[in-house]
Novice: 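I have a structure I would like to understand better, so I am pasting it below and will then ask my questions one at a time.
All of these numbers come straight from a predicted model, not from anything done at the bench. Residue numbers run from 1 in the order of the sequence given.
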Amino acid sequence: MQSFTPFKEGKVREVYDIGENLIIVATDRISAFDHILKNQVTDKGTILTQMSKFWFDFTKDIVPNHMISTDCKDMPEFFSGERFEGKSMLCKKLTMLPIECIVRGYITGSGWDSYQKTGKVCGITLVEGLKESEQLPEPIYTPSTKAELGDHDENISFERSVEVLEKEFPGKGAEYAAKIRDYTIALYKKCAEYARTKGIIIADTKFEFGLDENGEVVLGDEMLTPDSSRFWPEKGYEPGKSQPSYDKQFVRDWLKANPDSDYLLPEDVIEKTVEKYKEAFELLTGKPFNA
């Protein structure tokens, strides 16, 4: 049996090159504040992969995506077995664009901090009088540059995103920048509207795009998972305060309260976190989660 080693390893994902295509594996690792924690979170990788699969299927009418299959039977034998089952996605190879496409539908987090100080988010002037967690009149697109592991992404203007892309793809910067902005807003609107009918508010999220062999823009990476998005329960939603969320908030809160933890979490925090991930998966897909 041919064995494979990841050619790229992120905080929580491993990418394998199998020749014509790639296999992206979402591990059970969890990260917070740019650190990989010492705990594994059971089923997390499967939840993230299956949630991305759901959204890729749901949005393929808007933009093509890189997913080919999440069935290990479609992958080399090395990827059979418990370590990879459910967590792996066979994907087309893309030339990734060096921009993180962030869309914000609600004012929260660093955006709220910035708005309070300047009335702007990432250089975009917003209407006066917004409350924390309030829905914006229209979603806003706030791209950032992709940082290397351990560094922070840098928020940039749309104009700067044109320059970044032009440098890498001469003659195509303006076209690619406009396409990924428009796709980002269209994807967010369709998915946020759907999620609202399932009792979940998607406050913000990020997408990544690449180019296929024909130079067409294709959606890549992961999509609308609790790791790449802010999900809030619609029940009890009330602007004017921060909202509970279906993501790593338990983890972040515990780490802030326990600065000497050395990034090792107690079991109950891990359990609460994975329960939130499962709950979001089941609400959005309408299917029970089966690991």
Side-chain angles (χ1 to χ4, degrees), residues 48 51-52 54-56 58-59 61-63 99-144 153 155-158 161 177-209 219 221-253 276-277 279-286:
L48 296 186
M51 199 178 270
S52 282
F54 170 79
W55 290 117
F56 282 140
F58 185 70
T59 56
D61 61 322
I62 294 177
V63 57
I99 300 288
E100 298 236 309
C101 298
I102 298 161
V103 55
R104 304 167 192 259
Y106 293 73
I107 184 94
T108 185
S110 61
W112 171 243
D113 294 341
S114 171
Y115 175 75
Q116 286 178 288
K117 291 179 192 138
T118 65
K120 298 179 180 181
V121 175
C122 301
I124 299 169
T125 304
L126 300 180
V127 294
E128 289 179 23
L130 290 172
K131 296 178 186 168
E132 183 178 7
S133 306
E134 189 169 346
Q135 185 172 12
L136 298 170
E138 274 295 315
I140 58 170
Y141 175 63
T142 58
S144 75
D153 297 338
N155 292 326
I156 57 173
S157 65
F158 174 74
S161 78
K179 268 189 180 171
I180 62 177
R181 175 197 61 200
D182 295 348
Y183 280 146
T184 294
I185 298 285
L187 288 166
Y188 174 77
K189 282 185 169 177
K190 178 174 181 173
C191 297
E193 194 176 303
Y194 165 82
R196 218 48 212 249
T197 70
K198 301 294 181 183
I200 288 183
I201 291 169
I202 302 174
D204 50 43
T205 192
K206 75 174 178 72
F207 302 116
E208 293 193 31
F209 296 90
L219 180 60
D221 201 55
E222 64 182 322
M223 184 177 184
L224 284 163
T225 69
D227 269 18
S228 65
S229 319
R230 221 182 293 250
F231 293 159
W232 297 335
E234 187 178 38
K235 191 176 180 186
Y237 165 69
E238 192 185 328
K241 58 180 185 182
S242 65
Q243 310 295 314
S245 57
Y246 289 98
D247 61 7
K248 296 183 282 194
Q249 208 52 51
F250 284 121
V251 171
R252 293 191 196 100
D253 291 347
K276 278 288 167 202
Y277 277 57
E279 191 184 332
F281 174 87
E282 292 181 350
L283 281 170
L284 288 166
T285 66

Novice: Got a sec, which residues hit ring pair (Phe, Tyr, Trp, His ring centres under 6.0 Å) with F56, two or more places apart in sequence or on another chain?
Specialist: H66
Novice: What distance do D227 atom CG and M51 atom CE have between them, rounded to the nearest 0.5 Å?
Specialist: 10.0 Å
Novice: Kindly give the heavy-atom pair with the smallest separation between S161 and P143, and that separation in Å.
Specialist: CB-CG, 4.3 Å
Novice: I need the I102 CD1 to S229 OG distance, nearest 0.5 Å.
Specialist: 11.0 Å
Novice: Ignoring hydrogens, what is the shortest heavy-atom contact between L219 and E208? Give both atom names and the distance.
Specialist: CD1-O, 3.5 Å
Novice: If you look only at pairs with a residue in residues 185-196, which of them pass as a side-chain hydrogen bond (donor to acceptor under 3.5 Å, both in side chains), with sequence neighbours excluded?
Specialist: D61-K190, Y106-R196, E138-K189, R196-E234
Novice: Got V121 and S110 here, is their nearest side-chain heavy-atom distance under 4.5 Å?
Specialist: no
Novice: Check whether any side-chain N or O of S52 sits under 3.5 Å from a backbone N or O of M223 as a donor-acceptor pair, and report yes or no.
Specialist: yes
Novice: May I have the list of side-chain donor-acceptor pairs in residues 127-136 shorter than 3.5 Å, sequence neighbours left out?
Specialist:
{"unit_1": "S133", "atom_1": "OG", "unit_2": "K241", "atom_2": "O", "d": "2.5"}
{"unit_1": "S133", "atom_1": "OG", "unit_2": "Q243", "atom_2": "NE2", "d": "3.4"}
{"unit_1": "E134", "atom_1": "OE1", "unit_2": "K131", "atom_2": "N", "d": "2.8"}

Novice: Distance from C191 atom SG to I200 atom CD1, nearest 0.5 Å?
Specialist: 12.5 Å
Novice: Which pair of heavy atoms, one from F231 and one from L224, lies closest together, and at what distance?
Specialist: CZ-O, 3.3 Å
Novice: Is there side-chain contact between I201 and Y237, with at least one heavy-atom pair below 4.5 Å?
Specialist: yes
Novice: Applying salt bridge (Lys or Arg N to Asp or Glu O under 4.0 Å), which residue pairs with at least one partner in residues 102-118 are found, sequence neighbours left out?
Specialist: none
Novice: Residues in side-chain hydrogen bond (donor to acceptor under 3.5 Å, both in side chains) with W112, at least two apart?
Specialist: Q116
Novice: Can you say whether the rings of F54 and F58 are parallel (under 30°), tilted (30 to 60°) or perpendicular (over 60°)?
Specialist: parallel
Novice: How many angstroms lie between atom CD1 of I140 and atom CG of L126, to the nearest 0.5 angstrom?
Specialist: 5.0 Å
Novice: Hey, does W232 have a side-chain heavy atom less than 4.5 Å from the side chain of S245?
Specialist: yes
Novice: With heavy-atom distances below 4.5 Å as the criterion, would you say the side chains of I180 and F207 are in contact?
Specialist: no
Novice: If you measure from CD1 on I124 to OH on Y115, what distance do you get to the nearest 0.5 Å?
Specialist: 13.5 Å
Novice: Can you list the residues that meet the side-chain hydrogen bond (donor to acceptor under 3.5 Å, both in side chains) rule with R181, with sequence neighbours excluded?
Specialist: none
Novice: Report yes if the side chains of K206 and D221 come closer than 4.5 Å at any heavy-atom pair, otherwise no.
Specialist: yes
Novice: Starting at CH2 of W55, measure out to CG of L284 and round the result to the nearest 0.5 Å.
Specialist: 5.0 Å
Novice: Would you say the side-chain atoms of T59 pair up with the backbone N or O of I62, donor to acceptor, closer than 3.5 Å?
Specialist: no
Novice: Over all heavy atoms of both residues, which pair between L48 and P226 is shortest? Give the atoms and the distance, please.
Specialist: CD2-CD, 3.8 Å
Novice: Heavy atoms, side chains only, cut-off 4.5 Å: are F209 and I99 in contact?
Specialist: no
Novice: So S242 and T108, do their side chains get closer than 4.5 Å, heavy atoms only?
Specialist: no
